[in-house]
Amino acid sequence: MTRRILVTSALPYANGPLHLGHIIEALQTDVWVRFQKLLGHEARYVCAEDTHGTPVMIKAQSEGITPEALIARVAAEHRADYQGFLVGHDWFHTTHSPENRHFTDLMFGRLKAAGHITQRSVRQAYDEQAGMFLPDRFVRGTCPRCKAPDQYGDSCEACGATYAPADLIDPRSTLSGSTPVWRESEHLFFALGRFEPMLREWVASGALQAPVRAKLAEWFEAGLQDWDISRDAPYFGFEIPGHPGKYFYVWFDAPIGYLGSLKALCDAQGLDIDAFLKVDSDIELHHFIGKDISYFHTLFWPAVLHGSGMRRPTAVHVHGFLTIDGQKMSKSRGTFITARRYLERLPPEALRYYFAAKLGPGIDDIDLALGDFTARVNSDLVGKLVNIASRCAGFVAKGGGVLASELPDPALYGEFTAAAPRIAALYEQLDYAQAMREIMALADRANQYVDAHKPWALAKDPAKAAEVLAVATQGVNLFRVLMLYLAPVLPQMACKAAAFLQTPLARWNEIDAPLLGTPLAPYEPLAQRLDAKIVAELVEAPLAPATAAVKPVAVKPAAAVPAAAVPAAGPGTITLDDFTKLDLRVAEVIEASEVEGSDKLLKLTLDLGGTRRTVFSGIRGSYAAASLVGRKVVLIANLAPRKMRFGVSEGMVLCASGSDDRVYLLSADDGAAGGMAIS
RNA sequence: GGAAAGGUAGCUCAGCUGGUUAGAGCACGGCACUCAUAAUGCCGGGGUCGAGGGUUCGAGUCCCUCCCUUUCCA
């Protein structure tokens, strides 16, 4: 029976670039959708740009452009990144669209008509200078409990306390720096509590993973509160019909954006959207999300759908967060890898495979361990999988380029195809990690087969040419099965493999019959090995010691030796290897300026023979900015970039220093040019 | 503060409802092979399964306490 399935992943927000955390979700979703399509099901994957809200409005203001211009630009970047990772959205829309407005108004109207919308006054922080109400995150101040300074208005990162912005000691607006005042304003609320029985029944229907159900139980226990769905002007979003000056809260119209995107898809393809949305729809609706937005997707969203007379989600699949080498990925910690940064350096399928190899059905966090990533991809994809085709192709070519007319070991082939239901079940239940393990175990078996039959030895005897071709044919067929199993994860490689095999890899049951007596195209490498050095470049800036956050960059050369190698007592002896870890370069100073707010730092723009670097250097006490332009200084070019209050410093300029307060810049002699290596 | 998940070989992880000498991949050592992108195959070293109690004929697997990590809290 053909299933009809609508799938979504969370909408990326239009105020910043995609990072690998977005990508892991998109990949989990994309693999599932591709798998469903491979089975022959009618699956559609829609997503959209999440465009509304204060952060977008503020960011656009700060860039001096309209919100529309901002979201158009960011959406284009997001699309390019998704495409770069081979994420096959059937439709990618935007929440700032007529379709989304249609559904937002429609659903609000129905909720209101059914009496699910209430109205009451709310006291909220107001920035008189900026002329607007402030979201909690835009108010900062001292934590009322632990007295930690500079905390967000909703919770304290230091002690974990949660509170209201009004509880903060010495609150300040992050927009203007002024002290907010407290003003009353009428807000609209969605009466979530009324839906508790419906939600309990929905949760019991098996739409959620066990840990998520447990979380829901906790929320039910705490009691469901009304949800504030309105915001005051100025706000970038949809004005609420019948409530001038009030706008829908971004989180109200964001999930509705799924439907807006679906509508655009249906309009384009002539589909009947009601078939998807009617209460008794037999089309499945699957949402893929991160655990941070569970509340919106497991409570508000089903309730809003139900209250609007629409169907509820079939399932909400929650995944964990991504960590990098065990560390939380975040800008402030410097372990932030953007999708773009990855794509500029490495092939998308390497990460697709690695994430698949680590994604299970649970909500545990997924670690991208860079060393493991390199080893795993090189070993599994190149050493095992691709190797099978690579080592057999030559024998087929020499034997005439056409596969043998029968398999020498049909039982082994049968063993491979017999794994199909098991692997399908694993894909279906999102246990990609187990699926990858099973597939790689089969790849081992295929290599063992080739090894046991030694076609290279047989080939020495011209009389055994048929035997050689038979073994190679077996190997190619085993490879074909594996490649089909991996097609949801590695669509590009599957495509190249199909070209090699001269037959499509488009249907799950295509492998029922082996490929016999047909020609092969010349073999071309299907995947390249990863270079550990390039992989290491993914990490932008390792965590600097917290106490050094606002200290100027150190200028003592000795401190530049890799920290781990230096005991507190002193540098000690290092090996040549240690030294060669340093990438020292001649760099020409192009611009130099004083850093406002710092009495020690100069901001230097350096030329390295075509590429530019920005470095903050603590030499203001010894050098005037203007005197530096044109000098050729010595730069540690591979020092991890470091975030400072004033920007990111991408290296360190070497200086000598003694007992006086001065530092003395090192320079290269005349004739040296920016970018030259120093050794 | 409340809650959840996790702590298993150097690294990344499997180990279902408790049951023979705890597994895989990578890394490491040895051997073989040379068709293949220094790829492959075979053999091997390596773990008191976070700590301490308890239940049981028997616990990595159940219970309690503690330690550590991570996450969630509209």
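In the text below, chain A, chain B and the rest are named by the order of the sequence lines, each starting its count at 1.
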Length of the CG-P vector between Leu381(A) and rC26(B), whole Å: 13 Å
Ser379(A) side-chain N/O to rG25(B) phosphate OP1/OP2 under 4.0 Å: no
Stacked cation flag Arg140(A) on Tyr152(A), 6.0 angstrom / 45 deg: yes
Under 3.5 Å: donor-acceptor pair, side chain of Asp431(A), backbone of Leu426(A): no
Under 3.5 Å on both distances, the Watson-Crick or G-U partner of rU61(B): none
Touch class at under 4.0 angstrom, heavy-atom based, for Lys215(A) against every strand present: base
Sugar-phosphate, base or nothing in reach of Ala369(A), heavy atoms under 4.0 Å: sugar-phosphate
Touch class at under 4.0 angstrom, heavy-atom based, for Leu526(A) against every strand present: base
Sugar-phosphate only, base, or nothing, as touched by Gln225(A) at under 4.0 Å among non-hydrogen atoms: base
Phosphate contact (rA39(B) OP1 or OP2) by Arg529(A) side-chain N/O below 4.0 Å: yes
Candidate nucleotides rU12(B), rC35(B), rC72(B), ranked by approach to the side chain of Lys291(A) - the nearest: rC72(B)
Residue matched to rC66(B) through Watson-Crick or wobble contacts both under 3.5 angstrom: rG50(B)
Nucleotide of rG25(B), rC13(B), rC72(B) approaching Arg437(A) most closely (side-chain heavy atoms): rC13(B)
Distance, P atom - from rG44(B) to rG23(B), rounded to whole angstrom: 12 Å
Between Tyr353(A) and Asp380(A): side-chain donor-acceptor atoms closer than 3.5 Å: yes
Aromatic centroids of Phe248(A) and Phe238(A) separated by under 6.0 Å: no
Sugar-phosphate, base or nothing in reach of Ala389(A), heavy atoms under 4.0 Å: nothing
Nearest-Å distance once atom P is located in both rG50(B) and rG45(B): 23 Å
Arg120(A) charged N/C atom sitting above Phe189(A) aromatic ring, 6.0 Å / 45°: yes
Separation of rC73(B) C1' from Tyr295(A) OH (nearest whole Å): 10 Å
Within the 6.0 Å centroid threshold, strictly below: Phe288(A) and Trp32(A): yes
Rounded distance in Å between the P positions of rC49(B) and rA38(B): 41 Å
Same-atom distance (P) from rA5(B) to rU65(B), integer angstrom: 15 Å
Closest-nucleotide ordering on RNA chain B, the 5'-leading residue of Pro455(A) and Arg376(A): Arg376(A)
Ala527(A) or Asp431(A), whichever maps to the more 5' nucleotide of RNA chain B: Asp431(A)
Sugar-phosphate only, base, or nothing, as touched by Asp292(A) at under 4.0 Å among non-hydrogen atoms: sugar-phosphate
Whole-angstrom distance between rU61(B) and rG15(B), as gauged at atom C1': 9 Å
Between rU12(B) (P) and Gln434(A) (CD): distance, integer Å: 20 Å
Inter-nucleotide P distance (rU17(B), rG60(B)), Å rounded: 15 Å
Distance-only polar pair, side chains of Trp202(A) and His306(A), donor-acceptor under 3.5 Å: no
Residue Ser390(A), side-chain atoms from C-beta onward, closest of rA36(B), rG2(B), rU34(B): rA36(B)
Whole-Å gap separating C1' (rG25(B)) and CE (Met440(A)): 11 Å
Distance, rounded to the nearest Å, where Gln327(A) contributes CD and rG6(B) contributes P: 22 Å
Residue that, paired with Ile366(A), satisfies side-chain contact (heavy atoms from CB on, under 4.5 Å) out of Leu20(A), Leu359(A), Thr323(A): Leu359(A)
Whole-Å distance separating the CD atom of Gln209(A) from the C1' atom of rA5(B): 13 Å
Shortest side-chain distance from Asn387(A), nucleotide among rC26(B), rA74(B), rU40(B): rU40(B)
Nucleotide nearest Ala375(A) when distance is taken to its side chain, options rC26(B), rG25(B), rC72(B): rC26(B)
Touch class at under 4.0 angstrom, heavy-atom based, for Pro211(A) against every strand present: nothing
Watson-Crick/G-U partner (both atom distances under 3.5 Å) of rU34(B): none
Phosphate contact (rC42(B) OP1 or OP2) by Gln448(A) side-chain N/O below 4.0 Å: yes
Sugar-phosphate, base or nothing in reach of Gly394(A), heavy atoms under 4.0 Å: nothing
Euclidean distance for C1', rA59(B) against rA36(B) (whole angstrom): 46 Å
Close aromatic pair by centroid cut-off 6.0 Å: Tyr235(A) and Phe133(A): no
Sugar-phosphate only, base, or nothing, as touched by Phe300(A) at under 4.0 Å among non-hydrogen atoms: sugar-phosphate
Whole-Å C1' distance, rA39(B) and rC26(B): 15 Å
Tyr354(A) side-chain proximity, nearest of rG41(B), rU12(B), rC33(B): rU12(B)
Spacing of Leu322(A) atom CG relative to rC72(B) atom P, expressed in whole Å: 13 Å
Plane angle bin for Phe190(A) and His116(A) - parallel if under 30°, tilted between 30 and 60°, otherwise perpendicular: perpendicular
Phosphate contact (rC13(B) OP1 or OP2) by Lys358(A) side-chain N/O below 4.0 Å: yes
Opposite nucleotide pairing with rG1(B), Watson-Crick or G-U, both atom distances under 3.5 Å: rC73(B)
Nearest listed nucleotide, side chain of Val382(A), among rC33(B), rG6(B), rU37(B): rU37(B)
Proximity to the side chain of Trp227(A) - top-ranked nucleotide from rG41(B), rA74(B), rU37(B): rA74(B)
Protein-nucleotide distance (Met436(A), atom CE; rA14(B), atom C1'), rounded to Å: 15 Å
Minimum-distance nucleotide to Val386(A) side chain [options: rA74(B), rC13(B), rU37(B)]: rU37(B)
Nearest-nucleotide pick for Asp364(A), side chain only, options being rA74(B), rG41(B), rA5(B): rA5(B)
Sugar-phosphate only, base, or nothing, as touched by Lys454(A) at under 4.0 Å among non-hydrogen atoms: nothing
Touch class at under 4.0 angstrom, heavy-atom based, for Gly475(A) against every strand present: nothing
Residue matched to rC26(B) through Watson-Crick or wobble contacts both under 3.5 angstrom: rG10(B)
